[in-house]
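In what follows, every heavy atom counts, from backbone to side chain, and hydrogens, waters and symmetry copies are set aside.
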There are 2 protein chains.
Amino acid sequence: MEDAAPQTRIQTRNRKTILSAGLDVFSAHGFRGATLDQIASTAGLSKPNLLYYFPSKEAVYTALLDDLLVTWLDPLRALDPAGEPIAEILAYAQRKLMMSRDYPRESRLFANEILQGAPLVGPVLHTELRALVDDRATVLQGWMDDGLIRRTDPVHLIFSIWSLTQHYADFDVQIRAVLDDDDPFPGAECFLDQLYRSLLEPRQR
Amino acid sequence: MEDAAPQTRIQTRNRKTILSAGLDVFSAHGFRGATLDQIASTAGLSKPNLLYYFPSKEAVYTALLDDLLVTWLDPLRALDPAGEPIAEILAYAQRKLMMSRDYPRESRLFANEILQGAPLVGPVLHTELRALVDDRATVLQGWMDDGLIRRTDPVHLIFSIWSLTQHYADFDVQIRAVLDDDDPFPGAECFLDQLYRSLLEPRQR
DNA sequence: CGTGAGTTTGACCAGTCGGTCAAATCAAGA
DNA sequence: TCTTGATTTGACCGACTGGTCAAACTCACG
């Protein structure tokens with residue numbers, strides 16, 4: 001009836017703290033740059049104790065990435081083909097921006113994985129991600145064909161949303177250096193809205 | 001008369017191959033994830049031989065970042081306050097995009113450094129970068145005040161150019177997974193032009 | 001040719017890496 | 001209470017890390 005894993009209370013608690021510690025360390029140093037000692041001490045455990053819950057360093061990493069990939073593309077999946085086009089696209093951009101604000105470690109973990117050549121998620125990119133993007137690009141193309149939004153390259157439009165929103169998490173240090181530590185997100189929210197509105201709103205003719 | 005360093009022919013050659021090898025390895029794995037053995041073997045040298053030319057791993061890294069920081073901001077410096085506003089901004093975006101195409105390793109090296117908290121370039125960001133951005137933001141603001149381009153947040157505008165252009169180098173693997181290995185740059189060039197034209201061109205009133 | 005500076009290398013070092021293991025500790029039910 | 005399984009740990013392993021060093025090699029130039 002139940003899933004395979006038995007999971008005592010201590011197990012679930014420690015698994016969670018280990019994953020959080022792993023997220024801290026992997027997102028800050030990448031897979032190769034992270035060490036088990038770092039993760040263990042961040043989690044408040046000894047190294048052998050950590051390895052009691054995960055069989056290897058890679059196991060912690062893959063557990064994190066598996067969790068991440070499921071939720072990371074949800075905002076794009078949630079883009080509703082039946083909705084009002086511009087509102088849908090703006091809402092998608094805002095959702096992604098809020099993910100950068102609320103889950104910057106996850107964004108940086110993903111950025112590190114891609115930067116290092118996507119050794120682990122590479123296959124998923126070629127299958128699931130590609131299929132999802134192709135599908136949503138078709139929806140966007142349909143909206144353009146119907147004259148509901150202006151014509152542009154739908155795939156590069158999606159890329160631009162990824163890049164603009166994730167930038168605020170991944171390059172946080174740089175942005176805060178320029179902005180003197182002000183919170184960049186209110187300004188970003190407003191800018192994104194204006195940017196995509198002016199790109200997509202059909203011109204009066 | 002000359003600079004301090006004597007520099008035989010062998011020295012200049014080996015220094016160059018070491019820096020190129022270091023760029024390969026550091027940009028792919030970050031500072032902590034890179035190893036001297038990796039860099040040395042990529043350069044075709046033994047590890048002690050590499051250390052004959054650079055005193056430490058960190059010395060190779062800082063040499064690379066110093067070189068990089070000088071040239072990385074040149075496109076923004078080259079933005080001419082006396083030029084035609086929209087043409088200047090579009091040209092700036094194109095210059096940065098071409099740097100992502102022609103120097104992706106440099107872009108990824110920088111991305112890694114920032115992702116890992118900018119331990120080395122942090123101070124430079126707070127001084128030089130901040131001053132440059134402030135200055136150019138003032139130029140953009142002036143153009144907006146004069147009605148030459150539409151009003152928007154000048155700093156976020158600059159951020160958006162950084163993010164959109166560097167994305168094509170840093171997330172190359174992801175982009176090529178979605179595009180089935182097609183060259184993304186022609187499409188990106190076109191999309192960027194359209195995006196910033198529609199954002200910045202003053203509307204007929 | 002020599003000869004001395006410039007260059008290269010094998011052997012080595014102390015510290016860290018991911019990971020193992022047996023023994024110790026803990027917790028909860030009979 | 002005793003017992004049994006879950007949990008934790010100290011000691012340890014071989015491989016690798018950044019880095020040193022003295023000895024060897026190479027090469028231009030007198």
Side-chain angles (χ1 to χ4, degrees), chain A residues 2-65 109 112-113 116 119-120, chain B residues 2-65 109 112-113 116 119-120:
Chain A
E2 305 299 318
D3 271 339
Q7 294 286 64
T8 71
R9 217 162 296 116
I10 294 182
Q11 249 171 49
T12 56
R13 171 172 54 85
N14 281 352
R15 276 199 145 80
K16 230 166 56 180
T17 68
I18 289 171
L19 286 175
S20 174
L23 187 53
D24 273 348
V25 178
F26 283 128
S27 69
H29 297 108
F31 179 74
R32 295 219 28 194
T35 73
L36 281 179
D37 289 290
Q38 250 181 312
I39 299 172
S41 87
T42 302
L45 301 172
S46 65
K47 188 170 59 174
N49 199 6
L50 186 154
L51 287 165
Y52 172 72
Y53 291 100
F54 290 87
S56 69
K57 176 182 173 183
E58 203 180 322
V60 181
Y61 188 68
T62 59
L64 281 168
L65 271 185
L109 178 72
N112 259 307
E113 165 73 7
Q116 314 196 354
L120 218 133
Chain B
E2 305 300 318
D3 272 338
Q7 294 288 63
T8 70
R9 216 162 295 118
I10 294 181
Q11 249 171 50
T12 55
R13 171 173 53 87
N14 281 352
R15 275 199 147 81
K16 231 166 55 180
T17 68
I18 288 170
L19 286 176
S20 173
L23 187 54
D24 274 348
V25 178
F26 283 128
S27 69
H29 299 290
F31 179 74
R32 295 215 31 195
T35 73
L36 281 178
D37 289 292
Q38 253 180 311
I39 300 172
S41 87
T42 302
L45 302 171
S46 65
K47 188 169 60 173
N49 198 7
L50 185 155
L51 287 165
Y52 172 73
Y53 291 99
F54 289 88
S56 69
K57 175 183 172 182
E58 202 180 321
V60 181
Y61 188 68
T62 59
L64 282 168
L65 271 185
L109 179 72
N112 260 305
E113 165 73 6
Q116 314 196 354
L120 217 133

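Residues satisfying the salt bridge (charged side-chain N to carboxylate O under 4.0 Å, His left out) criterion with K47(A), sequence neighbours excluded, are D37(A). Considering only residues two or more places apart in sequence or on other chains, S41(A) meets the side-chain contact (heavy atoms from CB on, under 4.5 Å) condition with none of them. Considering only residues two or more places apart in sequence or on other chains, A21(A) meets the side-chain contact (heavy atoms from CB on, under 4.5 Å) condition with I39(A), T42(A), A43(A). Checked against side-chain contact (heavy atoms from CB on, under 4.5 Å), S20(A) has the following partners two or more places apart in sequence or in another chain: R105(A).
When heavy atoms are screened at a 4.0 angstrom cut-off, Y53(B) is found touching the sugar-phosphate backbone but no base atom. Within the nucleic acid shown, A34(A) comes within 4.0 Å of sugar-phosphate atoms alone, with no base atom in reach, counting heavy atoms only.
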* Contact state string [nucleotides 19-30 of chain C, B base, S sugar-phosphate only, - no protein heavy atom under 4.0 Å] -> BBB---------
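Across every non-hydrogen atom of F26(B) and N112(B), the tightest pair is O-ND2, 3.6 Å.
The side chain of Q11(A) lies closest to dA6(D), out of dT8(D), dT7(C), dA6(D). Of all nucleotides listed (dT9(C), dT7(C), dT17(D)), dT17(D) comes nearest to the side chain of D37(B).
The CG atom of L23(B) sits 9.5 Å away from the CG atom of L65(B) when rounded to the nearest 0.5 Å. Atoms CD1 and CG, from I18(A) and L50(A) in turn, are 4.0 Å apart once rounded to the nearest 0.5 Å.
One can place CG of L50(B) at 14 Å from P of dT17(D), the figure rounded to the nearest angstrom. Atom CD1 in I18(B) sits about 14 Å away from atom P in dG19(D), given to the nearest Å. Distance, I39(A) CD1 to dT16(C) P: 17 Å, rounded to whole Å.
Distances shorter than 4.0 Å separate some side-chain N or O of S46(B) from OP1 or OP2 on dT9(C). Contact between the side-chain N/O atoms of N49(B) and the OP1/OP2 oxygens of dT9(C) is found at a separation under 4.0 Å. A sub-4.0 Å separation between OP1 or OP2 of dT8(C) and a side-chain N or O of N14(B) is present. Between Y52(A) and dT9(D) there is no side-chain N or O to OP1 or OP2 distance below 4.0 Å.
In this structure, the side chains of R32(A) and T35(B) come closer than 4.5 Å at one or more pairs of heavy atoms.
Below 30°, between 30° and 60°, or above 60°: for Y61(B) and F31(B) the angle between ring planes is between 30° and 60°, a tilted geometry.
Residues of residues 19-33 of chain B having a heavy atom closer than 4.0 Å to DNA chain C: none are found.
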